[in-house]
Enquirer: 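Before we start, here is the structure in question, set down as structure tokens.
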Amino acid sequence: MTRPITTICCIGAGYVGGPTMAMIAKKCPQISVTVVDISQPRIDAWNSSELPIYEPGLDEIVFECRGKNLFFSTDVEGAIRDCEMIFVSVNTPTKKTGLGKGKAADLTYWELAARTIAACSESDKIIVEKSTVPVRTAEAIEKVLQRNCPHDGVRFDILSNPEFLAEGTAIVDLDAPDRVLIGGKIENAKGQAAVDALVGVYSNWVPKENILTANLWSAELSKLAANAFLAQRISSINAMSALCEATGADVQQVSHAIGTDTRIGSKFLNASVGFGGSCFQKDILNLAYICECHGLPEVAEYWHSVVGMNDYQKSRFVKRMISAMFNTISGKKISMLGYAFKKDTGDTRESPAIDVGHGLIEDGAKLNIYDPKVAAAQIALDMGEEAMKSITCCKTHTESLTGAHAVCIMTEWDEFKTYDWEAIYGVMQKPAFVFDGRLILDHQKLKDIGFIVYALGKPL
Ligand code: NAD
Ligand code: UGA
């Protein structure tokens, strides 16, 4: 029988490392969990009352477990030395330079983490790939670990345990996951024992039938495949939204009609201004690159088109705004409501608001941006110095809307639905335009008030 794990270390205290480890600490009081990071400010924030990421339900869990069996530290070496199992949850962005630039995953952080693990490990370790990585990364990492460990006889067992949480619902997703996927070398006894050890951790709260085991390569590829399939659904419904506008069909009626077919299913069929977030685009580009490297250009092209459709949707939205406003937005004030890539998060990585914002500014617009959870400093970082000359970051929605010619909805924050749109009409320039990029407002009501309304995929 495999001995239960009692000490876990996680390298990378980000959107994945923080919440996943907090959940393990909560569900497994017998396990001591230490989350480490090279970023001192990030660790300081995890140890403070203001956590570095906003995620509903996260604060409660961290405050409950922190200092008991959940610790945040920059002592990466010490945490590695003292644990039995190491989750690696570092960032794996798209490569910016060199071979595979703009497509392949940049594994610099991963390799650095692996070298640190090799250098500090004095006893056997189970290494868990939590980051999203190209298929067969475990093979490369195993070589780095085995060839760089100065201590004789230290054994490394590598597992793939991709994370499927979505931001904004991370705690719910971690509490009751559709499935947990664990890949390992199940063909040999030691590999199977490592898989069993990780199954043992999740079994503390996840039903056995929801814990899937697979070979390493299947687990690694399944993560890229899952994100590609999810993004593909959004691009498919967004493609339909363009056709709906051209034909007078209503995309919400179409998605309801097709979603009631149980083979298709109703989730992830919301037309939008485009998908954002740190992972969909990066993972699809990476998947396509892997296909290219394996001599499968047609398969690569198929997945590329999902990203292409997303870019088209964002630029289509900008063009629609400009043409609706009499082909000129130069000097016009546009209120942008929402800037995060989705509701219930302050994360702005790859947010469609960034591309739409740049598109509008290029045509001379002045933007008043309001988001309930995104700080002005983050907007300045994303948009750049030049664009910021045309941007005002607003503290309230009223400040953003007063004197505006148009408002565009970029994020589906619930609070936007409950605003007093009659009062908003009163403080905007006329004609007052609403461009709903998330289909969350009551369009008929807005038209009755006097707004000119453009909603994605809806009859004009
Ligand atoms: P993140 O950028 O929020 O966090 C990564 C952290 O790793 C950073 O704080 C960084 O300082 C730290 N780090 C990097 N190298 C390190 C090293 N050598 N030693 C110690 N710390 C180091 O990234 P994230 O959003 O948490 O994503 C992490 C991985 O999980 C990525 O591969 C991503 O694709 C995947 N993923 C993300 C999500 C999500 O919702 N964000 C969901 C599923 C999977
Ligand atoms: C996504 C996946 O849903 C997670 O399973 C995965 O673990 C994660 O990526 C990852 O690997 O990082 P996330 O990006 O956090 O999670 O959020 P989603 O809910 O998937 O939304 C992504 C984007 O698609 C958002 O901009 C969202 O607004 C958009 N979206 C989503 C739509 O436009 N329409 C939809 O129907 C659903």
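In each ligand, atom 1 is the first atom listed, and ligand 1 is the first ligand listed. Residue indices begin at 1 and follow the sequence shown.
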Enquirer: What class does the angle between the rings of H397 and Y419 fall in, given that below 30° is parallel, 30 to 60° is tilted and above 60° is perpendicular?
Expert: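 Geometry flag for Y419 against H397: parallel rings.
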Enquirer: Could you tell me if Y339 and D382 have a donor-acceptor pair between their side chains, going purely by distance under 3.5 Å?
Expert: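 A pair is found: one side chain offers a donor N or O, the other an acceptor, under 3.5 Å apart.
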Enquirer: Using a strict threshold of under 4.0 Å (side-chain N to carboxylate O), is an ion pair present between E245 and R316?
Expert: yes
Enquirer: Do E111 and R115 sit within salt-bridge range, that is, some charged N less than 4.0 Å from a carboxylate O?
Expert: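 Counted as a salt bridge, because a side-chain N and a carboxylate O are separated by less than 4.0 Å.
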Enquirer: Taking the side chain from R233 and the backbone from K267, do they hold a donor-acceptor pair closer than 3.5 Å?
Expert: yes
Enquirer: Is D157 salt-bridged to K185, going by a charged N under 4.0 Å from an acidic O?
Expert: no
Enquirer: Is the NZ or CZ atom of R320 both under 6.0 Å from the centre of the six-membered ring of F435 and within 45° of that ring's axis?
Expert: no
Enquirer: Looking only at protein heavy atoms, which one is nearest to atom 22 (C) of ligand 2, and what is the separation?
Expert: F280 CE1, 3.6 Å
Enquirer: Report the nearest protein non-hydrogen atom to atom 35 (C) of ligand 2: residue, atom name, distance rounded to 0.1 Å.
Expert: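 Scanning the protein heavy atoms, the shortest distance from atom 35 (C) of ligand 2 goes to N270 O, 3.6 Å.
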Enquirer: Going by the closest heavy atom to atom 20 (O) of ligand 2, which one wins out of F164, F268, Y15, F275?
Expert: F268
Enquirer: Which bit of L230 is near ligand 2, meaning a heavy atom under 4.0 Å away: side chain, backbone, both or neither?
Expert: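 It is the side chain that gets close, since no backbone atom is under 4.0 Å.
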Enquirer: Where's the contact between R233 and ligand 2, heavy-atom distance under 4.0 Å: side chain, backbone, both or neither?
Expert: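 Looking at R233 and ligand 2, no heavy atom falls under 4.0 Å.
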Enquirer: Would you check whether S39 has a nitrogen or oxygen atom less than 3.5 angstrom from a nitrogen or oxygen atom of ligand 1?
Expert: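 For ligand 1, there is no N or O atom that lies under 3.5 Å from one belonging to S39.
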Enquirer: Would you say D283 and ligand 1 have an N/O pair spaced under 3.5 Å apart?
Expert: no
Enquirer: Which protein heavy atom lies closest to atom 24 (P) of ligand 1, and at what distance to 0.1 Å?
Expert: Y15 N, 4.0 Å
Enquirer: Just to confirm my output: which protein heavy-atom neighbour is closest to atom 1 (P) of ligand 1, and how far is it?
Expert: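 Checked against all protein heavy atoms, atom 1 (P) of ligand 1 sits closest to R42 NH1, 3.6 Å.
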Enquirer: What protein heavy atom lies closest to atom 12 (O) of ligand 2? Include the residue and the distance to one decimal.
Expert: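 Ranking protein heavy atoms by distance from atom 12 (O) of ligand 2, first comes C279 SG, 2.7 Å.
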Enquirer: Should you measure from each heavy atom of L165, which atoms of ligand 2 turn up under 4.0 Å away?
Expert: 4 (C), 5 (O), 6 (C), 7 (O), 8 (C)
Enquirer: Counting non-hydrogen protein atoms only, what is the nearest one to atom 14 (O) of ligand 2? Give residue, atom name and distance.
Expert: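 Of the protein heavy atoms, F341 CE1, 3.5 Å lies nearest.
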Enquirer: Looking at atom 33 (O) of ligand 2, what's its closest protein heavy atom, distance included?
Expert: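 Ranked first by proximity to atom 33 (O) of ligand 2 is S272 OG, 2.6 Å.
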Enquirer: Assign the ring pair W421 / F451 to parallel, tilted or perpendicular, where the plane angle (0 to 90°) is split at 30° and 60°.
Expert: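 Taking F451 first and then W421, their aromatic rings stand perpendicular (interplane angle over 60°).
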Enquirer: Pick one of side chain, backbone, both or neither for how I11 approaches ligand 1, counting any non-hydrogen atom pair under 4.0 Å.
Expert: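 Looking at I11 and ligand 1, just side chain atoms fall under 4.0 Å.
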Enquirer: Is there a donor-acceptor pair under 3.5 Å between the side chain of N204 and the backbone N or O of G200?
Expert: yes
Enquirer: Can you tell which of M410, Q281, K342, K343 gets a heavy atom nearest to atom 18 (P) of ligand 2?
Expert: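 Going through M410, Q281, K342, K343 one by one, K342 has the nearest heavy atom to atom 18 (P) of ligand 2.
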Enquirer: Pick one of side chain, backbone, both or neither for how C279 approaches ligand 1, counting any non-hydrogen atom pair under 4.0 Å.
Expert: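 Within the 4.0 Å criterion, C279 contacts ligand 1 through side-chain atoms alone.
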Enquirer: Does the side chain of K26 come within less than 4.5 Å of W205's, by heavy atoms?
Expert: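 No, too far: nothing below the 4.5 Å cut-off.
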Enquirer: Between K130 and E163, does the salt bridge (Lys or Arg N to Asp or Glu O under 4.0 Å) criterion hold? Intermediate values first, please.
Expert: CA-CA 6 Å; K130 200 41 141 173; E163 184 50 61; 2.9 Å; yes
Enquirer: Counting only nitrogen or oxygen atoms and a 3.5 angstrom limit, does K223 reach ligand 1?
Expert: no
Enquirer: Considering heavy atoms of the protein only, find what lies nearest to atom 13 (N) of ligand 1 and give residue, atom and distance to 0.1 Å.
Expert: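 Looking only at protein heavy atoms, the one closest to atom 13 (N) of ligand 1 is V90 CG1, 3.8 Å.
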Enquirer: Taking atom CZ as the centre, does F229 end up with more than 12 heavy-atom neighbours from other residues, nucleotides or ligands that are less than 6.0 angstrom away?
Expert: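 Counting other residues, nucleotides and ligands, CZ of F229 stays at 12 neighbours or fewer.
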Enquirer: Find out whether the Lys NZ or Arg CZ of K373 is both under 6.0 angstrom from the six-membered ring centre of Y54 and within 45° of the ring's axis.
Expert: yes
Enquirer: First locate atom CG of N215, then atom CG of L221, and finally report the distance between them rounded to the nearest 0.5 Å.
Expert: 10.0 Å
Enquirer: Under 4.0 Å, heavy atoms only, figure out whether ligand 2 is touched by the backbone of K223, its side chain, both or neither.
Expert: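 Side chain only.
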Enquirer: When you check the gap from the basic side-chain N to the acidic O, do E167 and R349 get nearer than 4.0 Å?
Expert: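 So E167 pairs with R349 through a salt bridge.
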Enquirer: Quick one: do K417 and E412 make a salt bridge, cutoff under 4.0 Å?
Expert: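 No.
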Enquirer: I'd like to know whether V133 forms a side chain to side chain contact (heavy atoms under 4.5 Å, CB included) with I141, so could you lay out the CA-CA distance, the side-chain angles of the two residues, the decisive distance to 0.1 Å, and finally the verdict.
Expert: CA-CA 11 Å; V133 290; I141 294 301; over 6 Å; no
Enquirer: Under the 3.5 angstrom rule, does the side chain of S48 hit a backbone N or O of A45 as a donor-acceptor pair?
Expert: yes
Enquirer: Closer than 4.0 Å to some heavy atom of E167 - which atoms of ligand 1 meet that?
Expert: 39 (C), 40 (O), 41 (N)
Enquirer: Below a 4.0 angstrom heavy-atom separation, can you tell me which part of R349, side chain or backbone, both or neither, approaches ligand 1?
Expert: side chain
Enquirer: With respect to S89, determine whether any N or O atom, backbone or side chain, lies less than 3.5 Å from an N or O atom of ligand 1.
Expert: no
Enquirer: Which residue holds the protein heavy atom closest to atom 21 (N) of ligand 1, what is that atom called, and what is the gap in Å?
Expert: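 Protein heavy atom at minimum distance: I38 N, 3.4 Å.
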Enquirer: Which atoms of ligand 1 are found less than 4.0 Å from any heavy atom of K282?
Expert: 33 (C), 34 (O)
Enquirer: For ligand 2, which is the ligand I care about here, please tell me if I234 has any N or O atom under 3.5 Å from one of the ligand's N or O atoms.
Expert: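 The answer is no, given that I234 and ligand 2 share no N or O pair closer than 3.5 Å.
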Enquirer: Rounded to the nearest 0.5 Å, how far does CG of L224 lie from CG of L285?
Expert: 11.0 Å
Enquirer: From the options S278, A166, G276, select the one whose nearest heavy atom is closest to atom 23 (C) of ligand 2.
Expert: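 Shortest heavy-atom distance from atom 23 (C) of ligand 2: G276.
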Enquirer: Can you name the atoms of ligand 1, numbered from 1 with element, that are less than 4.0 Å from a heavy atom of L165?
Expert: 40 (O), 42 (C)
Enquirer: For atom 43 (C) of ligand 1, find the nearest protein heavy atom and state the residue, atom name and distance (0.1 Å precision).
Expert: E163 O, 3.3 Å
Enquirer: Considering distance alone, does some N or O of T132 sit under 3.5 Å from an N or O of ligand 1?
Expert: yes
Enquirer: Starting from atom 15 (O) of ligand 2, locate the nearest protein heavy atom and write down its residue, its atom name and how far away it is, to 0.1 Å.
Expert: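 For atom 15 (O) of ligand 2, the nearest protein heavy atom is E167 N, 2.8 Å.
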Enquirer: Return yes or no for this condition: an N or O of V16 is under 3.5 Å from an N or O of ligand 1.
Expert: yes
Enquirer: At less than 4.0 angstrom from any non-hydrogen atom of N227, what atoms of ligand 2 do you find?
Expert: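 That gives atoms 2 (C), 6 (C), 9 (O), 10 (C), 11 (O) of ligand 2.
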Enquirer: May I ask you to check whether D37 has an N/O atom sitting below 3.5 Å from an N/O atom of ligand 1?
Expert: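 There is such a contact, yes.
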Enquirer: Quick one: does Y370's side chain get under 4.5 Å of M336's, heavy atoms only?
Expert: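 With C-beta onward as the side chain, the pair stays apart.
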Enquirer: Show which atoms of ligand 2 fall inside a sub-4.0 Å distance from at least one heavy-atom site of R438.
Expert: 26 (O), 27 (C), 28 (O), 33 (O)
Enquirer: Measure the distance from atom 32 (O) of ligand 1 to every protein heavy atom, then report the residue, atom name and distance (to 0.1 Å) of the closest one.
Expert: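 The protein heavy atom lying closest is T92 OG1, 2.5 Å.
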Enquirer: Nearest protein heavy atom to atom 14 (C) of ligand 1, by residue and atom, and its distance?
Expert: N91 OD1, 3.3 Å
